[in-house]
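Bear in mind that the values here come from a model prediction, so they are computed numbers and not experimental data. First listed ligand is number 1; within each ligand, the first listed atom is number 1.
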Amino acid sequence: MPDLLEKENNTYAGEVNKLAKGLAHPNVGLFTHIRGASVVYGNLKTLSPKVRKFIEDNVALCQPDEIHICDGSEKENKQLLSLLQKKGAIKPLPKYENCWLARTNPADTARVESKTLICTEHERDAVPTPKSGKRGGLGNWISPANMDKAVQERFANCMKGTTMYVIPFSMGPIQSPLAKIGIQITDSAYVVCSMRIMTRMGQAVLDKLGNSDFVRCLHSVGRPKNGKLEYPNWPCDPERVIVLHKPATQEIVSYGSGYGGNSLLGKKCFALRIGCTIARSEGWLAEHMLILGITNPQGKKHYIAAAFPSQCGKTNLAMLTPTIPGYKAECVGDDIAWMRFDQNGVLRAINPENGFFGVAPGTSNISNPIAMNTIFKNTIFTNVASTSDGGVYWEGLEKEIDTSKLEVTDWKGKKWVRGESKTPAAHPNSRFCTPAHQCPMIDPNWESPEGVPISAILFGGRRPHGIPLIYEARDWKHGVAMGAAIRSQATSAAEFKGHAVMHDPFAMRPFFGYNCGHYVQHWLSMDKPGRKLPKVFHVNWFGRDKNNKFLWPGFGENSRIIDYIVRRVDGEDIARDSPIGLLPKEGSINLEGLPSKPDMKALFEIDVSFWLKEIDSIRQYFEEAIGEDLPKEIYDQLTEMKQRLQKS
Ligand SMILES: Nc1nc2c(ncn2[C@@H]2O[C@H](COP(=O)(O)OP(=O)(O)OP(=O)(O)O)[C@@H](O)[C@H]2O)c(=O)[nH]1
Ligand SMILES: O=C([O-])CC(=O)C(=O)O
Ligand SMILES: [Mn+2]
């Protein structure tokens with residue numbers, strides 16, 4: 001494949017002139033300049049002085065040839081998609097409507113936690129002080145001077161010969177008082193098209209912004225130091241990847257990766273890492289949580305929010321198809337929740353995103369029919385396999401796509417044969433990026449400016465052994481301790497190998513924007529007079545039996561647990577005490593109609609020796625990773641639980 005990016009005439013203006021005559025934005029042709037770079041798309045006049053200054057500073061740094069100010073229009077989107085296609089960065093999937101496939105450099109397929117840093121004056125503001133030099137794994141710190149250096153080293157002249165895109169975007173519905181605005185600069189059209197799906201993007205955001213401040217986001221896919229691109233279709237610089245956040249000035253800088261979690265800066269970087277620092281100072285919560293609406297057979301509706309680590313079932317639960325009769329589920333969000341108590345003391349949540357960036361493998365009509373009814377139009381797929389009929393394929397679709405009659409090309413672009421090929425067809429962290437409004441069960445209130453009221457919060461993770469299917473916190477403090485103590489098997493969402501059980505407080509380990517201990521303190525501080533605190537639960541869909549089979553059928557059958565939760569919220573007397581929290585009374589989980597009875601004894605067994613060990617390892621982790629920064633109340637919770645277990 002020739003490196004089209006190298007060619008001078010491959011600039012955006014060149015493309016527009018050659019390819020897209022008549023499609024171009026009215027301002028193309030009326031070139032103006034910012035520091036020598038020509039504005040080839042968009043209207044400089046609509047930019048506030050602050051936005052203009054932000055662009056100017058970064059033009060001076062990155063030295064792009066051209067500047068494109070995104071308006072978010074359909075026309076613009078079409079142009080960029082055809083540009084990406086021409087460059088070989090994406091290919092169309094003609095089996096579906098307006099769907100595209102991107103294959104990344106195989107070295108750029110997931111978030112890189114070790115290269116994700118928080119920049120503060122004092123290290124302790126960003127990360128907890130670990131005991132005696134042990135690495136805590138709860139974030140990485142960088143000093144302001146080193147951040148400046150890292151930026152200079154990577155960004156100086158990094159956009160020479162290319163186009164700089166300026167993306168104004170809103171996290172949250174533009175008119176919501178809970179929404180926040182960012183501007184992302186990037187040199188990737190893939191990022192622009194993806195941001196258009198994942199956020200509210202374009203001119204309307206600039207109109208709303210006026211001359212107010214915004215979160216400053218700078219991104220470049222970068223280039224290796226030697227200038228050689230191993231995968232010209234997917235420029236990146238894996239060796240020098242870095243994702244930086246400076247809460248004090250609300251700045252995000254990301255270099256070297258085009259993969260969503262590192263490059264769509266509205267998502268993890270803004271909505272979680274910077275978001276949680278804003279939330280802390282303004283008294284609310286920015287969380288790695290799905291938001292689900294659930295209406296019971298009597299017509300009463302509740303909303304729940306749930307935090308599970310990456311690849312642990314948020315999207316699937318957010319798109320639940322209840323298997324018990326009379327229940328209706330509706331989706332507000334699948335990954336991030338911004339929540340604040342209103343003047344009536346009700347916790348209200350918005351989904352700051354506008355689309356789903358979901359894990360493809362495992363998604364099927366059996367596991368998640370709702371996702372399957374969402375993703376086959378206007379979607380960008382990344383690192384899935386493709387089929388000779390212009391469709392997509394991944395592990396989990398074996399029963400739905402007969403690959404014996406088709407040729408399959410794996411995520412790396414190689415021929416793949418089921419049963420013969422030794423590697424998976426799709427990358428385990430391959431994703432779909434799809435508009436939320438296409439979801440057939442999207443909640444009528446999903447864009448409600450004031451947010452939806454939250455009745456229950458769930459924490460969970462992948463725990464093969466020892467952790468029951470569901471248990472309930474005794475009170476808020478216990479619930480906060482539950483969140484802080486989340487552990488889960490590693491997945492392919494980040495760079496870790498294997499399935500070791502890792503600690504992941506609040507499912508936020510990769511996403512803390514400030515010291516995790518202070519974060520836990522912030523959660524404790526939510527308990528104020530006059531507030532209706534949600535009930536807190538811990539769930540585990542991933543328990544396994546002796547043969548390593550899942551004990552619980554999961555997916556749609558999780559509605560049986562959601563049913564139990566909303567009945568608890570409504571005050572039903574169906575829980576019993578146990579040393580670890582409240583467990584369902586026998587017979588209180590509706591199992592009617594399940595094709596085979598799960599082993600409820602195994603699903604709810606409380607093995608005292610397991611739990612004593614579990615508590616010791618959690619305490620050890622807290623002491624080593626968070627130390628004195630963790631509030632004493634949380635250590636007390638562990639002590640009390642241990643005493644209860646020892647008495648039982
Ligand atoms: N056994 C079992 N697997 C599940 C269940 N729910 C989800 N999974 C699997 O877990 C994997 C990840 O599920 P997702 O719903 O995409 O996870 P997520 O938390 O949204 O992931 P991120 O987008 O990385 O944050 C998929 O392979 C699912 O098939 C369940 O109830 N039981
Ligand atoms: O950020 C990403 O890569 C995708 C995601 O939702 C997660 O990992 O939680
Ligand atoms: Mn996620």
Measuring from atom 26 (C) of ligand 1, which candidate in Cys312, Ala371, Pro361, Ala307 has the nearest non-hydrogen atom? Pro361

Strictly under 4.0 Å, does any heavy atom of Gly358 approach an atom of ligand 1? no

Students often mix this up, so state it plainly: with edges at 30° and 60°, are the rings of Phe506 and Tyr519 parallel, tilted or perpendicular? perpendicular

With distance as the sole test, does Trp100 use its side chain to make a donor-acceptor pair with the main-chain N or O of Ile90 at under 3.5 Å? no

At a 4.0 Å cut-off, with the gap strictly under it, does some heavy atom of Pro309 reach an atom of ligand 1? yes

Would you call Met289 a ligand 1 contact, heavy-atom distance under 4.0 Å? no

Hey, which protein N/O/S atoms does the Mn ion (ligand 3) have under 2.8 Å? Lys268 NZ, His288 NE2, Asp335 OD1

Show me which atoms of ligand 1 lie under 4.0 Å from any heavy atom of Arg431. 22 (P), 23 (O), 24 (O)

Can you list the ligand 1 atoms lying under 4.0 Å from a non-hydrogen atom of His288? 25 (O)

Is Glu557 in contact with ligand 1, taking contact as a heavy-atom separation below 4.0 Å? no

Relative to each other, are the rings of Trp416 and Tyr393 parallel, tilted or perpendicular (30° and 60° limits)? tilted

With a 4.0 Å cut-off on heavy atoms, does Ser367 reach ligand 1? no

Would you tell me whether Tyr327 and Asp563 have side-chain atoms, one donor and one acceptor, within less than 3.5 Å of each other? yes

I'd like to know if the side chain of Arg103 pairs up with that of Thr382 as donor and acceptor (distance under 3.5 Å, no hydrogens or angles considered). no

Taking only heavy atoms of the protein into account, state which residues are under 4.0 angstrom from an atom of ligand 2, in chain and number order. Arg111, Tyr259, Gly261, Lys267, Lys268, His288, Ser310, Asp335, Phe357, Arg431, Ala493, Phe511

Do we see a donor-acceptor contact under 3.5 Å between the side chains of Asn351 and Glu447? no

